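Here's the structure we're looking at; comments come further down.
Only a predicted model underlies this, so the values are computations on that prediction, with no experimental measurement involved.
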Protein chains: 2
Amino acid sequence: MTPSIAKGTRDFSSEEIYKRRHIISVLQSNFEKFGFNPLETPSFEKLQTLTGKYGEEGDRLIFKILNSGDFLENVKEKDSEVSTWNSKNIIPLISEKALRYDLTVPFARYVAMNHGKLTFPFKRYQIQPVWRADRPQKGRFREFFQCDADVVGSESLWYEVNFILLYDSVFTELQLPVEIHLNNRKLLAAIAEYAEIEDQLIEFTVALDKLDKIGLDKILEEMVSKGISQKSLDRLVPIINLSGSFEEKLIQLKEIFQDVEIGLEGIKELEFIYNSTMQIGLQTADLQFNLTLARGLDYYTGTIYEIKSKNVAMGSIGGGGRYDNLTEIFGVKNMSGVGISFGLDRIYLVMEELNLFPKSTQKNKQILFFNFGDRESIHALMLIQKIRLMGFACDLYPEKTKLQKQFSFAEKNNFEYVVFYGEEEIKNQTITIKNIIIGKQETIATDQLSDYLND
Amino acid sequence: MTPSIAKGTRDFSSEEIYKRRHIISVLQSNFEKFGFNPLETPSFEKLQTLTGKYGEEGDRLIFKILNSGDFLENVKEKDSEVSTWNSKNIIPLISEKALRYDLTVPFARYVAMNHGKLTFPFKRYQIQPVWRADRPQKGRFREFFQCDADVVGSESLWYEVNFILLYDSVFTELQLPVEIHLNNRKLLAAIAEYAEIEDQLIEFTVALDKLDKIGLDKILEEMVSKGISQKSLDRLVPIINLSGSFEEKLIQLKEIFQDVEIGLEGIKELEFIYNSTMQIGLQTADLQFNLTLARGLDYYTGTIYEIKSKNVAMGSIGGGGRYDNLTEIFGVKNMSGVGISFGLDRIYLVMEELNLFPKSTQKNKQILFFNFGDRESIHALMLIQKIRLMGFACDLYPEKTKLQKQFSFAEKNNFEYVVFYGEEEIKNQTITIKNIIIGKQETIATDQLSDYLND
């Protein structure tokens with residue numbers, strides 16, 4: 001049997017893992033500095049916990065786990081007329097568990113299950129894989145990590161401000177220049193009201209989202225074809241054409257929405273968030289007002305975030321927003337919250353492209369002792385143990401064989417140093433150590449090894 | 001809908017995660033110091049990669065993933081006579097993927113797939129969850145982590161020695177006193193040959209495994225009932241009764257097995273491993289020769305390890321051994337290897353019982369700024385950002401409300417410090433900071449905050 005890997009999945013080599021770990025550790029330490037604590041939920045949930053939360057398409061893309069044992073028994077009992085069986089109605093009879101599709105629904109399930117015990121506002125971060133039965137394609141996998149931070153149980157806009165500071169802090173530490181795009185779901189509602197396109201709001205935002213790609217004329221065409229009237233378009237164009245700085249855009253919108261209450265509300269929120277953030281100050285990120293930003297329209301109710309790399313065209317590398325009623329579907333009401341997410345795979349790709357990974361994401365120096373036979377190996381391992389206790393990665397070649405072969409092993413495995421510790425060295429209490437990257441070899445006293453390696 | 005969690009799974013709270021992370025980070029850093037590099041494989045594999053590798057019982061306990069789309073189409077096409085369908089023969093038609101059952105088979109699949117690219121001996125460690133459809137019970141879960149380190153492609157006994165040093169190093173760092181039990185599969189084969197119980201070897205080892213629990217008389221009874229002859233028992237009893245130090249036991253066995261070649265081989269290996277390890281020296285672990293140790297008899301071919309806590313009765317908290325032909329089933333021959341595993345859940349329980357977790361597994365000091373209103377909050381966040389950059393976890397209470405309420409929030413969320421930074425303090429460039437654990441409050445200049453917190 002020739003082995004292969006399941007479609008849409010990946011093995012991660014140590015090099016990739018060290019790089020991913022670099023990103024994840026920056027995320028973790030920042031989440032924690034911003035007062036989020038980790039949460040981990042199981043890889044699978046009851047199917048009914050997930051079903052109906054992601055729309056019809058989402059339900060289809062959830063990986064279902066087959067019941068154990070004689071799972072068909074159930075079906076035969078219910079309906080012996082097998083010709084009527086079909087894949088859709090049989091699912092709940094043969095599957096009661098499913099793989100996590102995102103981190104939000106399990107988080108909502110956790111909050112609802114434990115809401116008597118938790119103190120609110122409750123902040124958590126979660127970095128775990130999720131699974132989707134999407135058709136795999138370049139950059140889209142069936143197993144991938146999500147990295148979320150949320151706070152629920154408060155409507156305070158200070159959380160919105162803090163998430164901007166958090167994004168800024170993470171991407172500054174990763175040395176990855178980004179734009180933080182900001183919008184507010186209330187402004188989209190205001191546009192709908194102002195231009196009388198309440199019924200075509202989704203079509204409008206879908207078209208609007210393509211502004212950067214296809215330009216104004218094309219999206220107006222598309223809107224007309226979707227049944228948006230000329231009268232509406234006349235009111236929409238000045239909004240779409242809004243230009244200037246963050247503040248200038250807000251001033252113009254205030255004028256346009258002077259009679260649209262929900263619009264003024266959205267503007268007030270954005271003003272507070274923008275002004276506060278500017279006074280506190282960002283390290284490296286640019287904050288931009290992006291009225292075309294829609295992101296999961298159905299889900300968000302207030303602020304919407306999206307992150308773009310300044311230098312690499314990659315789409316969004318993060319996003320989030322404020323939502324109402326995280327847990328209502330699980331019977332717990334009034335849980336407004338706000339959360340953001342980081343796109344690990346895309347951040348990885350951008351950092352690769354910009355060469356932003358530290359030269360050595362592997363912290364340890366790697367040292368290989370050559371093997372000169374059993375007697376020498378005992379002495380070698382005594383020294384190796386000391387070197388490991390100093391915190392370095394150190395190993396003994398497993399067999400006495402030609403030095404050429406041992407040397408080639410060291411090179412192929414990216415060892416930085418090789419050590420000769422034969423009879424002579426053992427007697428003299430010295431070692432001969434060679435940095436094979438710069439090609440420099442020295443013989444030093446064994447008790448100077450610590451100084452040598454820490455240099 | 002009242003939410004609940006799937007049977008046999010767990011949510012991990014932040015406190016548990018910080019403790020698990022403490023163990024995992026000790027494992028990771030030691031694996032790396034001993035020259036192992038990380039590998040991660042996907043959560044699911046092709047079903048055919050896993051089927052047939054864990055015995056019939058194992059096959060039953062593998063979680064299968066239902067195919068997406070119209071999965072019944074397949075079945076109906078193949079066999080429209082639905083009355084003949086049964087749960088077992090239908091599985092390969094409706095499921096082609098399954099959740100990882102252990103880390104060894106995916107590792108073997110990885111080595112076989114990449115054996116042209118890898119350099120051997122190849123060392124990897126892997127810390128990932130696995131899933132088993134076992135009946136959940138106290139301490140047994142359907143999702144749990146395995147922590148494995150293996151080296152394949154060499155028969156060198158230095159690896160066996162290094163694994164003992166690795167166990168010693170990990171448990172010394174965790175401050176958890178352990179016994180490392182050692183045996184060799186060849187000695188079990190030698191016993192079978194010597195006592196002429198080749199056909200009852202499994203029954204013999206199963207009974208032998210209970211020696212500690214039920215005593216010699218009972219296990220002899222059990223052996224008789226399994227058809228082991230009196231003549232065989234006469235030869236077995238002196239072996240079972242073997243006593244003395246590691247070396248003394250080896251000397252006696254050498255005498256007993258003087259004509260059993262495979263026995264002498266096993267003794268020679270154990271002798272080499274024991275003597276080398278003793279010369280190099282262990283930090284805290286006890287090394288014991290345990291002839292009753294069988295562990296997955298079918299799988300191991302040489303050295304067998306098992307780890308027991310010295311102070312807590314918990315069964316094995318780790319184990320492993322040498323095996324032949326890791327990848328033969330995937331068409332790649334002659335891959336002898338040796339590997340060990342750490343039982344994360346059990347190590348956690350033992351450390352809890354012995355109170356071995358560091359007081360604060362959470363590295364950061366937690367600081368909460370009280371909220372005195374929007375104007376003050378701007379200033380507070382400027383200072384909070386500086387504190388976060390110092391590496392501490394710092395947050396602002398989200399709303400201006402009664403101090404009593406803010407204080408109670410700080411207590412419930414285990415903040416170590418609360419900070420009063422109101423109009424007066426802002427004007428004077430001071431802060432009032434209270435350590436709520438020891439109940440000490442001070443007013444200091446804001447520019448002394450770093451010294452204060454790093455104290």
Which bit of [X] is near chain A, if near means a heavy-atom gap under 4.5 Å: side chain, backbone, both or neither?
X: B/Y159; answer: side chain
X: B/L99; answer: side chain
X: B/I384; answer: neither

Is the positively charged end of [X] above the ring of [Y], judged by distance under 6.0 angstrom from the centroid and angle within 45° of the axis?
X: B/R20; Y: B/F145; answer: yes
X: B/R124; Y: B/F107; answer: yes
X: B/R10; Y: B/F141; answer: yes

Would you mind checking which part of [X] comes under 4.5 Å of any heavy atom in chain B, side chain (CB onward), backbone (N, CA, C, O), both or neither?
X: A/N67; value: neither
X: A/I94; value: side chain
X: A/S276; value: both
X: A/L157; value: neither
X: A/E143; value: side chain
X: A/Q28; value: side chain
X: A/Q283; value: side chain
X: A/I17; value: side chain
X: A/K46; value: both
X: A/F409; value: side chain
X: A/Q279; value: both
X: A/N30; value: neither
X: A/F272; value: side chain

| Any residue meeting side chain to side chain contact (heavy atoms under 4.5 Å, CB included) with B/A98, in chain and number order, not counting sequence neighbours | B/L47, B/L50, B/I62
Please report the interatomic distance [atom1]([X]) to [atom2]([Y]), rounded to the nearest 0.5 Å.
X: A/N414; Y: B/N37; atom1: CG; atom2: CG; value: 8.5 Å
X: A/Q366; Y: B/E32; atom1: CD; atom2: CD; value: 8.0 Å
X: B/N114; Y: B/T327; atom1: CG; atom2: OG1; value: 12.0 Å
X: A/I91; Y: B/L66; atom1: CD1; atom2: CG; value: 6.0 Å
X: B/I280; Y: B/L165; atom1: CD1; atom2: CG; value: 5.0 Å
X: B/L381; Y: A/N162; atom1: CG; atom2: CG; value: 5.0 Å

| message | Using only non-hydrogen atoms and a strict under-4.5 angstrom cutoff, which residues of residues 125-133 of chain A touch chain B? | response | A/Y125, A/W131, A/A133
| query | What do you reckon, is CD of A/E399 surrounded by more than 12 foreign heavy atoms closer than 6.0 Å? | reply | yes
| said: Set out, in order, the CA-CA distance, both residues' side-chain angles and the distance that settles side-chain contact (heavy atoms from CB on, under 4.5 Å) for B/S377 and B/L396, then state yes or no. | reply: CA-CA 8 Å; B/S377 292; B/L396 168 72; 3.9 Å; yes
For chain B, the option from [options] that forms the most heavy-atom pairs under 4.5 Å:
options: A/F34, A/F12, A/F44; result: A/F34
options: A/A112, A/S68, A/C394; result: A/C394
options: A/S13, A/S87, A/S43; result: A/S87
options: A/I65, A/T9, A/I378; result: A/I378
options: A/K412, A/E45, A/K97, A/Q385; result: A/Q385
options: A/V332, A/T41, A/D70; result: A/D70

Among [options], which residue forms the greatest number of heavy-atom pairs with chain A at distances under 4.5 Å?
options: B/L39, B/N413, B/L368, B/I5; result: B/I5
options: B/R21, B/M382, B/K7; result: B/R21
options: B/A108, B/P38, B/G35; result: B/P38
options: B/R60, B/E73, B/K123; result: B/K123

| Does the gap between the ring centers of A/F369 and A/Y397 come in under 6.0 Å? | no
| query | Is it the case that A/N371 and A/T401 place a side-chain donor and acceptor less than 3.5 Å from each other? | reply | no
| Regarding B/T51 and B/D59, is there a side-chain donor-to-acceptor distance under 3.5 Å anywhere? | no
| remark: Heavy-atom nearest pair, B/M113 first then A/S4, reads SD-CA, 3.7 Å
| Is the closest basic N to carboxylate O distance between A/D395 and A/R388 below 4.0 Å? | yes
| Is it true that A/R109 and B/D11 have a side-chain N and a carboxylate O under 4.0 angstrom from each other? | yes
| said: I'd like to check B/V105 versus B/F330 (side-chain heavy atoms, cut-off strictly below 4.5 Å). Are they in contact? | reply: yes
